[in-house]
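Shown next, in structure tokens, is the structure this report addresses.
Order of the sequence lines sets the chain letters (A, B, ...), proteins ahead of strands, with each chain counted from 1.
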Amino acid sequence: MNTLINRYAFAVWLRNFLTWQKMVWSSLASNVVNPVIFLFAFGFGLGSVIETMAGVPYLAFIVPGMMAYGAMFSSSFEATVSAYARFQMQRTWDAMLSTPLTLSELLVGELVWSACKGMLSCTAVLVVAAIWGGVSSIAGGLLALPVLMLASLAFAGCGLAATAFARNWEFFSYFFTFWITPMFMFSGVFFEIGRFPDFIQVFAWILPMTHLVEVIRPLMIGLALQPLDVLIHLGYLAAVTVVSFIVALYRLRRRLFD
Amino acid sequence: MASIIEASGLKKTFGGIEAVRGIDLAIESGRCVGLLGPNGAGKTTTMRMLMGLCRPSEGKITVLGATPTSMPREVRARIGLVPQEDNLDPDLTVRQNLEAFGRYYGLATADIDERVPQLLDFMQLSQRAGAQVMHLSGGMKRRLVLARAMIGNPDLVILDEPTTGLDPQARVMIWRQLLALKRQGKTLLLTTHYMDEAERLCDMILMIDNGAVLDSGTPRDLIGRHVKAHVLEIDKPLPRELPLAQTEDLGDSVLLFVDEVQSVLEAMPPETVFNHRPANLEDVFLRLTGRQLRER
Ligand SMILES: Nc1ncnc2c1ncn2[C@@H]1O[C@H](COP(=O)(O)OP(=O)(O)O)[C@@H](O)[C@H]1O
Ligand SMILES: [Mg+2]
């Protein structure tokens, strides 16, 4: 892994950064406006009905959930729809692979870039929420960021694995229905997953999102965290990253070169 | 002289389709070699196998001393590819496309900054350095793809239909630059559908169809081997008194191939409508691969 994070992978990352930079303002605007709308709806809307959750004001409860959602959605979207466009529509990957750059370096560049998009979203949520007054502990918020980065890598890995199998755009509607939506609904973004029946809870723990929320929410609202639990959650996120990356790599190797 | 590319018994099957069925190749350093064949002949697949972008089903390849599928990075850096389909980066400018490729080739920033203006100049794109790729004409895009392939100063350049779809001015400009590359001692392997282009640029030609080599040699050799030196295209009805040895029926007219043209011209009745020209590579191509359309 260490040898894959090199200047070739960086060249792929930089290519994506340069194209993003051309629309930096519209991109940042959507990254800021989205959380504002969400916080407005939940802070004023739901917040006026549900006053507290897990013993804290609902706004403080929902902010870590929205940060996790922002990271998950942006990194997944970048690694699927955007990456697929580069792969199949613009043929950017073909061009890259005709150079000394290898497929694994290409995928590392795409993986890290997609995770960076996730970080952009969740950081925007954090900044907006802090200004709004929904972040009780700024230190907790900052501590959550490395965890969000690890989780974004896991989401990006899963997205790239999906892209490796995708044959058309239709495929991604399944990805959104059966992967993104469950992580939005069942991973504790809006309420504690303890309220779900057992079989849904079992399913929820398969989703990397659940592990992310389970770590960053206590961190941000100041609840106790068991070191062993944190280790398990982070370990799960790291394992998802590695496994999904390997699946993407092997699938694309066969698809591109055989 | 040492061979830069050597391939023997090259085969590739996609599902049930045999795209390449046993191609042998040996290309010497500094040569320009043309792969000619109708659509679907297997030219692109062959080139992709040489680049290591496609694993051969059977056969052995050596390119610059290495096996393409496990080519060391230093060897890979000595090859430039002009793919059949433009895959320029539409989100980047002309200059940024070249700079990005320089980074994919692992070049230092200082080297990239030195080479990019040279290549823009070489391909006459300096004026458009800041333009978005989507605003370029077809000819400019092709020139940019060629400039991009040259970013690592390669010894071997593989060009898949570098001039297809271009106007004559743009083609002539690309020919000139390809000849300049040849003079620099680079080895070129190209495909084209333009026989005049192949005749002008290539030292050696491989005629391929249905995934196999039909014949190879210099353009002169091929013409000498497969057709006679002169071609007379004669409108029907044909005059009865002509010696119709080697002919091809085109429907409304007939092609007559002869070595010695004077006696035929003398025997031609005055009312006959005909056209006389020297035989060329196109005649060989059509003779070897047939006249029926390949795309249905
Ligand atoms: N990836 C692929 N999958 C399936 N069939 C392919 C693939 N690539 C090429 N072919 C088939 O192989 C044959 C040769 O194609 P190609 O090498 O592109 O020919 P050419 O470049 O001479 O036009 C064609 O019949 C084409 O349809
Ligand atoms: Mg082709």
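A side-chain N or O of A:Asn16 and one of A:Glu110 form a donor-acceptor pair less than 3.5 Å apart. Between the side chains of A:Thr102 and A:Glu105, at least one donor N or O lies within less than 3.5 Å of an accepting N or O. In this structure, a donor-acceptor pair under 3.5 Å is absent between the side chains of B:Glu161 and B:Thr192.
Between A:Leu256 and B:Arg48, the closest heavy-atom pair is O-NH2, 3.9 Å.
With a threshold of 4.5 angstrom between heavy atoms, B:Thr13 does not approach chain A through any atom at all. No part of B:Glu99 comes within reach of chain A, as not one of its non-hydrogen atoms sits under 4.5 angstrom from that chain.
Highest contact tally toward chain B, considering only A:Leu106, A:Leu97, A:Val12, is held by A:Leu97 [criterion: heavy-atom pairs under 4.5 Å]. Interface check for chain A: of the options B:Leu81, B:Val75, B:Asp91, the most heavy-atom pairs under 4.5 Å are formed by B:Asp91.
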